[in-house]
Trainee: 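Let me give you the structure first, and then I'll get to my questions.
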There are 2 protein chains.
Amino acid sequence: MASELARTPRSAAREGREKAIFEAARAVFAEFGFKGSTTAEIARRADIPKANLHYYFPTKEALYRAVTEDVLNTWLEAASSFDESTNPSEAIAAYIGAKMDMARLDPIGSRIWANEILRGAPVIGDFLETTLLDWLKSRETIVRRWIKTGKLVAIEPRYFFYMIWATTQHYADFEGQMVALNGGKPLSDAQFETAKVQVIATLLRGVLPSET
Amino acid sequence: MASELARTPRSAAREGREKAIFEAARAVFAEFGFKGSTTAEIARRADIPKANLHYYFPTKEALYRAVTEDVLNTWLEAASSFDESTNPSEAIAAYIGAKMDMARLDPIGSRIWANEILRGAPVIGDFLETTLLDWLKSRETIVRRWIKTGKLVAIEPRYFFYMIWATTQHYADFEGQMVALNGGKPLSDAQFETAKVQVIATLLRGVLPSET
DNA sequence: AGAAGAATTGACCGATTGGTCAAACTTATC
DNA sequence: GATAAGTTTGACCAATCGGTCAATTCTTCT
């Protein structure tokens with residue numbers, strides 16, 4: 001099959017080098033944004049000559065697109081954790097938990113996203129208007145159903161999702177601020193777990209009807 | 001007095017030109033961060049030759065510091081709206097409201113802050129570790145007192161403030177995402193007011209004891 | 001072993017970067 | 001209206017930018 005030929009696995013060495021460039025690019029783009037990043041700096045962190053970088057990724061923009069689209073896929077995976085079939089508490093808790101874990105495990109991805117949005121989302125703009133909007137609409141429907149059946153207080157679902165996105169992403173994007181406020185040390189696993197539990201509890205209390 | 005001579009008011013024309021450069025710089029730094037911004041682009045937006053920009057602000061870094069410190073002062077003004085003397089609901093509502101209004105009225109300032117933190121806060125790092133930490137500690141004390149007197153549920157105050165900062169700042173930093181999800185149009189005043197009311201209500205419900 | 005292709009790299013390119021400078025131009029003061 | 005000070009600006013600089021290229025080295029296959 002032709003498609004199988006196209007997917008012929010490259011040598012492991014090649015994949016390794018590509019990944020090294022990719023990871024270096026992620027770190028640099030996350031810190032300096034697209035314009036502020038240089039292929040020279042990325043190559044330096046990947047420990048290869050700049051010319052070699054351009055052999056694997058012809059342009060800075062191609063590399064940026066590859067990095068950005070990868071972040072997008074990670075986002076989509078986490079999105080599925082908001083499950084319609086479970087009850088509101090469980091669905092919301094699972095979703096917030098998944099997004100918190102994402103921020104903890106891949107803060108760089110979150111920062112790449114943040115930089116892209118700050119620029120006006122020139123690359124992922126289409127995705128926002130199509131896939132993300134569709135996702136949001138379908139989840140809004142679910143939330144509205146929960147509200148109608150008295151399982152949630154009357155809220156505008158959209159702004160509730162914004163709160164979740166804002167809070168979870170904050171733990172990745174503003175890590176620098178948190179470190180400064182934590183005596184120069186990153187949040188420990190225990191601290192992060194406390195934060196995660198509290199974020200879930202506070203947001204659930206904020207939208208669940210009083211138990212009267 | 002010598003200090004008075006130093007503060008000799010410059011001509012109104014000079015102040016106007018300085019302000020034009022300043023505003024152009026704010027917009028550019030907010031969009032591209034420090035490294036991604038160029039003095040040429042700032043000068044272009046201020047509609048002056050680049051050499052003239054360097055007459056008013058000798059270096060790109062000096063201009064950036066001026067812009068950043070201005071953002072900092074705005075933050076400090078809003079911080080005072082968290083008032084110890086009022087009850088928790090009012091203090092928290094007023095503070096969230098003030099930060100939401102800040103995000104609405106000065107999204108650029110918020111984005112400059114975000115870019116600075118994403119870079120690792122090289123300029124405002126000192127401020128974070130001193131003034132901001134002091135502010136946070138004193139407010140944590142107030143919140144803990146409220147918890148002890150049963151006016152708030154048991155929470156770690158710090159992570160509650162992070163939620164507030166995250167959510168309010170999100171309305172400025174991720175405006176591009178919200179616009180994409182709102183049919184390409186910015187949030188109307190009515191939409192923003194709804195969002196603001198809901199954010200306050202949800203967060204208050206999240207930390208106030210049930211009315212049983 | 002040797003040919004063919006893939007990968008590596010130093011040298012280099014025109015464009016852009018932050019910043020300088022001297023000459024020209026305005027404005028205030030006497 | 002002459003002088004001095006403050007302001008504006010095009011031309012220019014070395015350094016860095018994204019990207020190219022030809023020469024070289026390494027792998028793979030027969």
Side-chain angles (χ1 to χ4, degrees), chain A residues 5-29 31-68 112 115-116 119 122-123, chain B residues 2 5-68 112 115-116 119 122-123:
Chain A
L5 277 174
R7 279 193 280 107
T8 293
R10 300 179 190 88
S11 77
R14 164 149 196 157
E15 276 186 18
R17 255 166 265 133
E18 234 173 50
K19 191 164 182 180
I21 297 170
F22 196 83
E23 282 306 314
R26 279 171 50 84
V28 173
F29 284 135
E31 189 170 347
F32 302 108
F34 176 75
K35 267 209 74 183
S37 299
T38 68
T39 54
E41 173 65 12
I42 294 169
R44 201 187 58 76
R45 295 206 197 186
D47 202 31
I48 55 163
K50 195 184 63 169
N52 201 7
L53 181 151
H54 281 99
Y55 176 75
Y56 286 96
F57 298 91
T59 66
K60 175 182 166 183
E61 200 183 322
L63 179 51
Y64 180 74
R65 293 191 89 93
V67 162
T68 307
I112 291 164
N115 268 306
E116 166 72 4
R119 272 208 306 158
V123 168
Chain B
L5 278 173
R7 280 193 281 107
T8 295
R10 301 177 189 87
S11 76
R14 166 152 194 155
E15 274 186 19
R17 255 166 264 134
E18 235 172 49
K19 190 163 182 180
I21 297 170
F22 195 83
E23 282 307 313
R26 278 170 51 85
V28 174
F29 284 134
E31 188 169 348
F32 302 108
F34 176 75
K35 268 208 74 182
S37 299
T38 68
T39 53
E41 173 64 13
I42 294 170
R44 200 187 58 74
R45 294 205 198 186
D47 202 32
I48 55 162
K50 195 184 62 168
N52 200 7
L53 181 151
H54 281 99
Y55 176 75
Y56 286 96
F57 297 91
T59 66
K60 176 182 167 183
E61 200 183 322
L63 178 50
Y64 180 74
R65 293 191 89 93
V67 162
T68 306
I112 292 165
N115 268 305
E116 166 72 3
R119 272 207 305 158
V123 169

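All figures in this text were calculated on a predicted structure; none of them were measured in a lab. First the proteins, then the strands, lettered A, B, ... as listed; each starts at 1.
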Trainee: Any residue in residues 50-57 of chain A with a heavy atom nearer than 4.0 angstrom to DNA chain C? Just list them by number, or reply none.
Mentor: A:Ala51, A:Asn52, A:Tyr55, A:Tyr56
Trainee: Can you give me the closest heavy-atom contact between A:Ala20 and A:Ala46, atom names plus distance?
Mentor: O-CB, 3.9 Å
Trainee: Compare side-chain N and O positions of A:Thr59 against OP1 and OP2 of D:dG18 and report whether any pair is under 4.0 Å apart.
Mentor: no
Trainee: Going by number, which of residues 23-37 of chain B have a non-hydrogen atom under 4.0 Å from DNA chain C?
Mentor: B:Ser37
Trainee: Between OG1 of A:Thr68 and CZ of A:Arg26, what distance do you get to the nearest 0.5 Å?
Mentor: 10.0 Å
Trainee: Whole angstroms only, please: what is the CD1-P distance between B:Ile48 and D:dG10?
Mentor: 12 Å
Trainee: For B:Ile48 and B:Leu53, which heavy atoms make the closest approach, and how far apart are they?
Mentor: CD1-N, 3.7 Å
Trainee: Got a salt bridge between A:Lys35 and B:Glu41, using NZ or NE/NH1/NH2 to carboxylate O under 4.0 Å?
Mentor: no
Trainee: Any sub-3.5 Å donor-acceptor pair from B:Lys60's side-chain atoms to B:Ser37's backbone N or O?
Mentor: yes
Trainee: To the nearest angstrom, how far is A:Glu41 atom CD from D:dG18 atom P?
Mentor: 11 Å
Trainee: CD1 of A:Ile42 versus P of D:dT16: gap in Å, rounded?
Mentor: 17 Å
Trainee: Could you tell me the separation between the CG atom of B:Asp47 and the C1' atom of D:dT9, rounded to a whole number of Å?
Mentor: 14 Å
Trainee: Which whole-number value in Å describes the distance from A:Glu61 CD to D:dG18 C1'?
Mentor: 12 Å
Trainee: Show the numbers, then the answer: is there a salt bridge (Lys or Arg N to Asp or Glu O under 4.0 Å) between A:Lys19 and A:Glu23?
Mentor: CA-CA 6 Å; A:Lys19 191 164 182 180; A:Glu23 282 306 314; 5.9 Å; no
Trainee: Which ring-ring contact (aromatic ring centres under 6.0 Å, His included) pairs, counting each pair once, include a residue from residues 47-67 of chain B, with sequence neighbours left out?
Mentor: B:Phe29-B:Tyr64, B:Phe34-B:Tyr64
Trainee: To the nearest 0.5 angstrom, please state how far the CD1 atom of A:Ile21 sits from the OG1 atom of A:Thr39.
Mentor: 11.0 Å
Trainee: Tell me the interatomic distance from B:Ile21, atom CD1, to D:dT9, atom C1', rounded to whole angstroms.
Mentor: 13 Å
